[in-house]
Protein chains: 4
Amino acid sequence: MYRFDGVFTPITTPFRASDGAFDDEAMRANVARWMATPLTGLVVLGSNGEAPQLDEDEADCVVSTVRACMPQDRPMLVGTGRESKRATIAATRRAAAAGADAVLVRTPSFFKAQMTGDVLERHYREVADAAPVPVLLYNVTMFTGVSLPADAVARLAEHPNIVGMKESGSDLAHMAECVTRTPDDFIVLAGSATTYFHALCAGCDGGVLALASLFPEVCVRLRALVKAGSIDEARQLQRRFTPIARSIGGTYGVAGLKAALDLTGFAGGPPRPPLRPATSTVVDVIRRQLEDLNT
Amino acid sequence: MYRFDGVFTPITTPFRASDGAFDDEAMRANVARWMATPLTGLVVLGSNGEAPQLDEDEADCVVSTVRACMPQDRPMLVGTGRESKRATIAATRRAAAAGADAVLVRTPSFFKAQMTGDVLERHYREVADAAPVPVLLYNVTMFTGVSLPADAVARLAEHPNIVGMKESGSDLAHMAECVTRTPDDFIVLAGSATTYFHALCAGCDGGVLALASLFPEVCVRLRALVKAGSIDEARQLQRRFTPIARSIGGTYGVAGLKAALDLTGFAGGPPRPPLRPATSTVVDVIRRQLEDLNT
Amino acid sequence: MYRFDGVFTPITTPFRASDGAFDDEAMRANVARWMATPLTGLVVLGSNGEAPQLDEDEADCVVSTVRACMPQDRPMLVGTGRESKRATIAATRRAAAAGADAVLVRTPSFFKAQMTGDVLERHYREVADAAPVPVLLYNVTMFTGVSLPADAVARLAEHPNIVGMKESGSDLAHMAECVTRTPDDFIVLAGSATTYFHALCAGCDGGVLALASLFPEVCVRLRALVKAGSIDEARQLQRRFTPIARSIGGTYGVAGLKAALDLTGFAGGPPRPPLRPATSTVVDVIRRQLEDLNT
Amino acid sequence: MYRFDGVFTPITTPFRASDGAFDDEAMRANVARWMATPLTGLVVLGSNGEAPQLDEDEADCVVSTVRACMPQDRPMLVGTGRESKRATIAATRRAAAAGADAVLVRTPSFFKAQMTGDVLERHYREVADAAPVPVLLYNVTMFTGVSLPADAVARLAEHPNIVGMKESGSDLAHMAECVTRTPDDFIVLAGSATTYFHALCAGCDGGVLALASLFPEVCVRLRALVKAGSIDEARQLQRRFTPIARSIGGTYGVAGLKAALDLTGFAGGPPRPPLRPATSTVVDVIRRQLEDLNT
């Protein structure tokens with residue numbers, strides 16, 4: 001059985017410049033390169049994968065394409081959260097059939113005021129009951145405007161098919177509560193690379209980090225340093241990578257991450273409109289940040 | 001050519017209690033009843049229509065079903081906003097083919113930080129260029145966390161295929177700016193029934209109001225009163241209907257509106273999970289509010 | 001007995017450029033000029049009076065200075081809200097002794113999370129019990145981060161010594177609730193000039209407006225137009241003055257209002273540090289806005 | 001010369017139940033007891049000291065009373081932030097004359113929108129220029145609604161008379177930036193006990209913690225554990241004290257801290273109105289939390 005602790009990266013979805021369609025060749029090249037790193041596994045169709053911008057057919061195609069390039073023993077997590085329970089379960093079943101080892105289910109977000117702790121808890125239970133593979137909760141308030149309370153996390157952690165969560169926020173008190181109020185084998189993964197070190201100190205088991213698409217070894221090493229109690233060295237490492245971590249996925253969004261991929265030999269390419277590619281000014285900022293790290 | 005000023009209601013999408021599928025019979029019965037009222041027209045697949053919870057196939061089916069029950073001279077507006085430009089355009093074309101007189105395009109919302117005025121402006125231009133029918137902008141910050149600035153509205157109002165907007169917020173200074181900075185034939189429709197009277201005073205041309213599903217005559221009369229300068233009477237009328245306006249669509253969300261429909265002989269039914277039906281306590285509150293209005 | 005409906009302006013406190021002390025001569029000149037306008041009365045030591053920046057001694061001196069220049073039949077309202085009940089009552093008594101016709105008591109604001117409706121209600125009751133002159137509630141969330149709920153307003157309106165409120169927010173639904181849930185002789189004054197017209201439509205009895213320091217006749221006329229049901233003309237008038245209304249007190253704060261006073265022959269002068277005077281760019285913007293109004 | 005790293009507690013100001021005046025005897029008893037602990041020093045007239053609720057005369061009296069009970073080699077920090085620069089400097093001079101070793105200057109907060117990074121930077125420079133003792137910046141957004149940006153902190157840290165800061169927020173990324181962008185001898189103190197462990201991991205030099213009024217040894221030990229790299233043990237200790245840390249100063253405000261002091265043999269007493277004493281339910285919660293820690 002898989003354990004899902006470790007370092008994952010939420011991979012982007014490359015689109016062809018010509019017609020904006022999913023570029024499966026580019027995806028295969030990227031995945032092959034990530035498979036040569038110490039990354040634990042990949043997250044497909046997360047926010048950085050522009051999941052909300054894909055049709056269901058495209059989404060299925062992305063999942064199959066990635067699975068075909070990943071060895072069976074490297075876990076593939078697939079984002080299958082949708083606004084309705086029925087669509088979430090349907091996407092989960094298709095992902096499982098296509099080889100997902102687990103699914104990452106973001107909170108529904110459109111009807112924010114209605115997404116109380118109770119409603120979210122029931123939603124996750126019903127999805128987990130129906131899911132053929134393990135479920136990880138996914139709280140990403142910066143995109144959803146919805147918060148999954150620690151109380152709900154604590155109760156959901158008792159469900160046999162809910163094995164962990166990704167928390168993308170940077171409220172460390174909340175993250176620490178998620179860690180301390182769930183069993184030891186419930187995996188809490190940090191989603192924000194700018195607070196990755198802090199999340200590891202708080203007891204997180206690893207991360208799902210855009211930064212790990214570019215610097216997988218650094219992200220793996222940071223985790224090892226904290227586990228070994230080398231706090232000062234870990235803090236220094238975090239500090240060095242915080243500026244680029246802030247640029248990709250954060251300040252400049254998916255476009256920033258894709259620009260950084262282009263600059264490092266991956267297939268980044270443009271995001272899907274209305275998202276715009278990084279401006280040349282932004283590309284210059286990111287280039288400089290990458291150069292600073294190589295000196 | 002249609003003008004889109006007047007009073008619309010954003011109709012709910014009924015689901016069968018048995019299997020949760022779209023209940024087209026119930027929809028037909030509801031539409032028939034609304035067609036016997038002075039409502040200008042209907043908005044299909046808005047937020048109250050639970051659009052984000054429907055598959056694309058279901059959405060198309062809802063549109064065709066409604067159109068078939070509406071006389072050709074009653075305008076049907078269809079919500080076709082999606083997260084990507086390509087999906088928005090595709091949905092717009094399908095809606096137009098199925099008989100939409102115009103489309104209502106909400107701002108994309110997932111990648112909030114990237115949805116700047118410039119990005120939204122370009123998005124709407126490109127959608128309007130490709131749309132076979134007129135486009136209405138749709139700003140609904142309470143659900144999207146995104147704001148369409150008045151500057152962008154003013155510029156977009158010059159596009160020949162962008163004919164109006166629905167503003168669901170209750171910031172009257174913003175609404176007044178949208179009215180005063182756009183040409184007279186650009187339609188500004190209020191989306192919040194609790195501030196409907198105020199929006200009309202501010203110069204709005206009408207509304208897209210959940211309240212109008214229950215009280216179409218009242219909503220039409222309130223508009224006429226303000227046009228006639230009968231401010232005191234209009235204010236009294238608004239005051240009387242504010243409590244129920246707050247309950248349906250607002251405090252209790254779609255579930256509140258559906259409960260009120262059930263209580264007044266329409267087919268309301270349950271919302272789609274994870275949304276929950278109104279609790280019996282909520283139903284009692286709404287029943288009392290309705291009774292108060294009949295005495 | 002005074003009635004406090006009508007149009008007030010919250011006067012600024014001029015400081016000497018040389019040493020930053022209260023400039024009583026400048027104040028006298030300003031007040032004399034306002035007394036020659038149709039303003040109902042003046043508000044001394046409001047937010048625009050930089051009340052939080054004054055020592056208690058200075059505050060008392062400002063009050064006496066203004067009273068000495070005002071005829072007895074023109075009401076002077078004095079801001080006496082402090083963080084503690086005892087300081088609020090002490091300031092209220094001193095203001096009354098110095099000739100205040102009523103006091104305007106802002107909500108305490110530092111311990112925001114503790115300022116629940118219940119706590120605020122008890123605070124206002126105890127202050128009103130001890131006040132030798134009538135009390136007006138003062139809700140100014142943009143500065144305090146605290147909101148006085150309409151429920152509390154409705155209950156406080158029954159206190160014999162609480163005669164009205166100033167609501168500085170622009171949430172018209174809230175304002176309408178304050179109007180409709182209080183007796184007819186409870187005065188609700190609008191504090192935001194950018195939504196003054198809308199507030200009057202909503203039933204407000206008048207305003208406490210920075211704009212009225214510069215354009216008292218306009219503010220008085222707008223009120224009369226709405227009372228007479230001339231909505232279109234009133235809306236046009238509001239529209240013309242909205243840009244300058246936004247600049248003074250709003251976007252550019254007290255410094256913007258003081259710059260506008262300097263440009264119109266009043267004694268504006270610098271605000272007290274850390275507040276900075278308007279930059280020359282801002283002064284130019286305001287000058288242009290004022291010129292636009294004269295053409 | 002003093003160094004201000006270490007563990008401080010922001011002491012409450014006791015009031016007499018009879019007349020609400022400052023209770024200097026109770027203060028002396030409390031201070032004597034704190035002096036028998038390993039606390040580095042005390043913070044007088046912070047938020048927990050109800051500084052905004054005190055008259056200037058009372059404030060001076062509190063400072064003198066505390067100083068008289070503290071040995072000269074134990075640092076006393078005094079909160080002297082006011083809304084105006086002149087009042088802040090005046091309070092700073094009086095505090096220095098009364099024996100403050102340094103002052104803690106909160107950001108002005110009433111005119112929030114005007115408190116930009118530039119304005120705050122100039123304010124702190126001018127205060128520090130005039131201050132006879134070292135200045136610590138004090139950022140407490142939960143009360144002020146104002147944020148001191150890390151950029152401003154970095155520049156202010158170069159001022160010879162600005163020696164450190166207290167950051168009361170729990171945004172660890174921000175805190176880490178304050179640590180890494182300031183010289184090693186610039187002291188960064190954590191103000192939130194619920195994230196104290198995380199702040200220490202992030203490189204903070206200590207804390208100003210309400211929790212330390214009750215558990216000074218625990219707060220000192222937690223700091224030592226992190227310094228020694230005993231992360232797991234430190235995390236356990238934080239976890240144990242997080243519930244009570246959340247109650248006092250946080251959820252239940254000053255009233256909660258005062259109730260906890262009463263329960264542990266200190267003189268807590270009522271806060272000053274409009275603040276209310278802890279209800280009996282809250283007292284019971286706190287009593288249970290304290291008992292849990294003793295078993």
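If you're wondering where the values come from, they're calculated on a predicted model, not measured in any experiment. In the text below, chain A, chain B and the rest are named by the order of the sequence lines, each starting its count at 1. Below, each value reflects all heavy atoms present in this structure, side chains not excepted, and no hydrogens, waters or symmetry copies.
If you tally non-hydrogen atom pairs under 4.5 Å between each of Val226(B), Thr194(B), Leu172(B), Thr195(B) and chain C, the highest count goes to Leu172(B). Of the listed residues (Ser170(C), Gly203(C), Ser230(C), Gly229(C)), the one with the most heavy-atom contacts under 4.5 Å to chain B is Gly203(C). For the set Gln236(B), Arg239(B), Gln238(B), the count of heavy-atom pairs under 4.5 angstrom toward chain C peaks at Arg239(B).
Within the model, atoms CZ of Arg240(C) and OG1 of Thr180(B) stand 14.0 Å from one another, a figure rounded to the nearest 0.5 Å. Here CZ of Arg235(C) is found 7.5 Å from SG of Cys201(B). Values are rounded to the nearest 0.5 Å. In this structure, CD1 in Ile231(C) is found 14.0 Å from NZ in Lys227(B), a value given to the nearest 0.5 Å.
For Glu177(B), the part lying under 4.5 angstrom from a heavy atom of chain C is the side chain only.
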